[in-house]
**Q** 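Below is the structure I would like to discuss, written out as structure tokens.
Numbers for residues simply follow the sequence, beginning at 1.
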Amino acid sequence: MAEQMKNEEAFVHNEENILEVNHLKKYFPIKGALGTKRGAVKAVDDVTFSIKKGTTMGLVGESGCGKSTTGRTILRLIEKTDGEVYFNGIDVNKLSKKELRALRTKMQIIFQDPYSSLSPRLPIGEIIGEAVREHGLVPKEELDEYITKVMLSCGLQPYHKDRYPHEFSGGQRQRICIARAIALNPDFIVCDEPVSALDVSIQAQVINLLKDLQDQLGLTYLFISHDLSVVEHISDTVGVMYLGGLVETGATEDIFANPLHPYTKALFSAIPMPDPEIKTDRIILEGSIPSPANPPSGCKFHTRCSECMEICKNKAPEARDMGNGHVVRCHLYDK
């Protein structure tokens with residue numbers, strides 16, 4: 001409790017930021033026989049970052065590092081263990097159910113799998129308009145025209161309203177999910193790997209659609225992905241996650257031009273080059289990812305790091321600003 005009060009006292013809202021995440025943690029309890037607690041999976045472990053209004057932050061890392069859990073905890077689709085999430089200066093976790101319901105229109109999510117996130121029993125006109133009607137955002141007599149306008153802005157046609165999700169391709173279903181999200185006129189959207197299930201040409205179309213909608217509507221995105229090329233194309237800033245924590249954050253250009261953390265360097269070395277004549281030095285990570293239920297002491301990456309020092313095994317590195325907001329957590333940069 002004392003630590004939480006200290007965090008709250010230290011927090012100062014910056015009006016340029018739409019989202020501010022402060023020491024966020026999400027632990028899932030491990031239960032044994034008779035419901036006894038045997039530990040916890042530390043899915044999100046002390047994550048801090050902010051996103052400026054109208055920009056996109058990319059969140060990257062290996063599968064299972066906590067990216068999606070971070071996004072869902074921010075939206076309170078799952079409840080936090082500790083930390084704070086501020087949306088336009090409002091502590092989301094202190095809102096009542098009624099207040100949170102009102103805020104839902106301003107904070108939306110696009111899920112990874114469009115097929116499983118769409119009801120097979122409803123035509124897409126109903127899917128897109130259901131939440132709009134529930135929140136009373138548009139007069140009843142104008143709802144149909146409003147849905148048509150939203151569909152057209154996402155590359156869907158009005159005659160699609162009466163069709164069901166199974167009648168569409170993967171790319172079209174993702175457009176339906178995007179239309180459902182923007183229909184509520186949000187300010188902030190968590191894009192949870194929205195193009196990972198699509199082929200490359202369709203990925204480009206969906207990414208361009210997201211960027212166009214951002215320009216038109218002033219949207220802010222948290223873009224979660226494991227595809228670094230996509231993240232580089234759409235993001236203004238990037239956060240690199242490993243085993244529940246951020247190891248490096250900063251402007252996209254800075255991080256891609258000059259990755260500092262050994263884990264970031266290893267990830268970026270795997271990016272395929274369009275020119276086969278260009279050879280890159282691939283960094284192969286040794287060993288497997290440790291369990292988030294029993295993470296290593298000190299720096300969580302030290303068990304796989306080729307530059308591991310003795311201090312890495314015992315002490316967690318502090319965040320260090322290397323200039324221009326480029327922050328890294330690594331003992332290699334201790335002063």
Side-chain angles (χ1 to χ4, degrees), residues 1-8 10-11 19-33 35-51 57-86 91-94 109 112 190 192-193 222 224-226 238-249 261-264 266-267 285-305 308 311-320 327-331:
M1 180 62 73
E3 181 182 355
Q4 184 175 353
M5 289 176 64
K6 181 180 177 182
N7 291 340
E8 288 180 354
F11 174 77
L19 184 78
E20 291 160 313
V21 179
N22 189 37
H23 299 288
L24 184 65
K25 297 181 181 181
K26 177 57 187 177
Y27 297 170
F28 293 97
I30 301 173
K31 295 184 178 180
T36 56
K37 187 176 178 181
R38 298 181 55 187
V41 174
K42 298 179 180 181
V44 180
D45 196 13
D46 200 13
V47 167
T48 297
F49 65 86
S50 60
I51 308 178
M57 177 178 177
L59 198 57
V60 302
E62 294 169 290
S63 295
C65 70
K67 304 186 299 297
S68 295
T69 304
T70 298
R72 296 180 188 211
T73 307
I74 286 170
L75 298 178
R76 274 190 70 181
L77 297 179
I78 51 179
E79 294 295 332
K80 68 171 178 91
T81 300
D82 197 4
E84 296 83 41
V85 176
Y86 297 91
D91 190 338
V92 173
N93 292 286
K94 290 184 177 179
I109 185 169
Q112 177 179 359
V190 173
D192 189 3
E193 303 203 34
L222 175 62
I224 299 168
S225 180
H226 59 265
V238 173
V240 182
M241 284 194 77
Y242 181 78
L243 210 61
L246 285 170
V247 298
E248 190 167 356
T249 56
H261 197 281
Y263 177 64
T264 308
L267 282 185
L285 294 178
E286 301 294 335
S288 57
I289 304 174
S291 169
N294 186 26
S297 60
C299 175
K300 294 179 182 179
F301 186 61
H302 84 258
T303 58
R304 305 174 73 194
C305 182
C308 176
I311 190 175
C312 303
K313 301 176 184 179
N314 305 305
K315 182 181 178 182
E318 297 178 359
R320 299 192 179 280
V327 176
V328 64
R329 292 165 178 81
C330 181
H331 288 300

**Q** What closest approach, in Å, do Thr81 and Tyr27 show between heavy atoms, and which atom pair accounts for it?
**A**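 Minimum heavy-atom contact is OG1-N, 2.7 Å.
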**Q** Kindly compute the distance separating CG (Leu77) from OG (Ser68), expressed to the nearest 0.5 Å.
**A**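 Atom-to-atom, Leu77:CG and Ser68:OG are 11.5 Å apart.
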**Q** Begin from the C-alpha positions of Met241 and Thr70 and carry the test side-chain contact (heavy atoms from CB on, under 4.5 Å) through to its verdict.
**A** CA-CA 10 Å; Met241 284 194 77; Thr70 298; 3.7 Å; yes
**Q** Working to the nearest 0.5 angstrom, can you tell me the gap between Ile51 CD1 and Leu222 CG?
**A**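 One finds 4.5 Å between CD1 of Ile51 and CG of Leu222.
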**Q** Mind listing the closest non-hydrogen atom pair of Ala319 and Val327 along with its distance?
**A**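 Ala319 and Val327 have their closest heavy atoms at CB-CG1, 3.7 Å.
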**Q** Yes or no on side-chain contact (heavy atoms from CB on, under 4.5 Å) for Phe49 and Leu246, after CA distance, side-chain angles and deciding distance?
**A** CA-CA 9 Å; Phe49 65 86; Leu246 285 170; 3.9 Å; yes
**Q** Under the side-chain contact (heavy atoms from CB on, under 4.5 Å) rule, what do Leu19 and Met57 come out as? Steps first, then yes or no, please.
**A** CA-CA 11 Å; Leu19 184 78; Met57 177 178 177; over 6 Å; no
**Q** Restricting to non-hydrogen atoms, name the atom on Ala43 and the atom on Thr69 that form the minimum distance, rounded to 0.1 Å.
**A**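 Nearest pair, atom of Ala43 first, then Thr69: CB-CG2, 4.0 Å.
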**Q** State which residue, out of Thr73, Ile74, Thr48, fulfils the side chain to side chain contact (heavy atoms under 4.5 Å, CB included) condition with Val21.
**A**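 In the set Thr73, Ile74, Thr48, the residue that makes a side chain to side chain contact (heavy atoms under 4.5 Å, CB included) with Val21 is Ile74.
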**Q** Shortest non-hydrogen contact from Gly244 to Val47?
**A**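 So the two residues come closest at O-CG2, 3.4 Å.
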**Q** What's the separation between atom CZ in Phe301 and atom SG in Cys330, rounded to the nearest 0.5 Å?
**A**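 Here the rounded value is 9.0 Å.
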**Q** Looking at every heavy atom in both Gly66 and Val44, which two are closest together, and how far apart are they?
**A**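 Scanning both residues completely, I find the closest heavy atoms to be O-CG2, 3.9 Å.
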**Q** Distance check, rounded to the nearest 0.5 Å: Asn93 atom CG versus Leu24 atom CG?
**A**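 Separation between the atoms: 7.5 Å.
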**Q** Is the distance between the ring centroids of Tyr242 and His261 less than 6.0 Å?
**A**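 That pair fails the under 6.0 Å test.
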**Q** How long is the span from the CD atom in Glu318 to the NE2 atom in His331, to the nearest 0.5 Å?
**A**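 Those atoms lie 8.5 Å apart.
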**Q** Could you name each residue pair satisfying salt bridge (charged side-chain N to carboxylate O under 4.0 Å, His left out) that touches residues 59-76, not counting sequence neighbours?
**A**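 As it turns out, the salt bridge (charged side-chain N to carboxylate O under 4.0 Å, His left out) pairs with a partner in residues 59-76, which skip direct neighbours, are Glu62-Arg304, Arg72-Asp192, Arg76-Glu79.
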**Q** Minimum heavy-atom separation for Pro296 and His302, please, with both atom names.
**A**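 Here Pro296 and His302 meet closest at CB-CE1, 3.7 Å.
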**Q** Quick test of your reading: applying salt bridge (charged side-chain N to carboxylate O under 4.0 Å, His left out), list the pairs with at least one residue in residues 35-47, sequence neighbours left out, ordered by first then second residue.
**A**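 Listed once each, the pairs are Asp45-Lys300.
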**Q** For the atom pair CG (Leu243) and OG (Ser291), what is the distance rounded to the nearest 0.5 Å?
**A**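 It comes to 8.0 Å.
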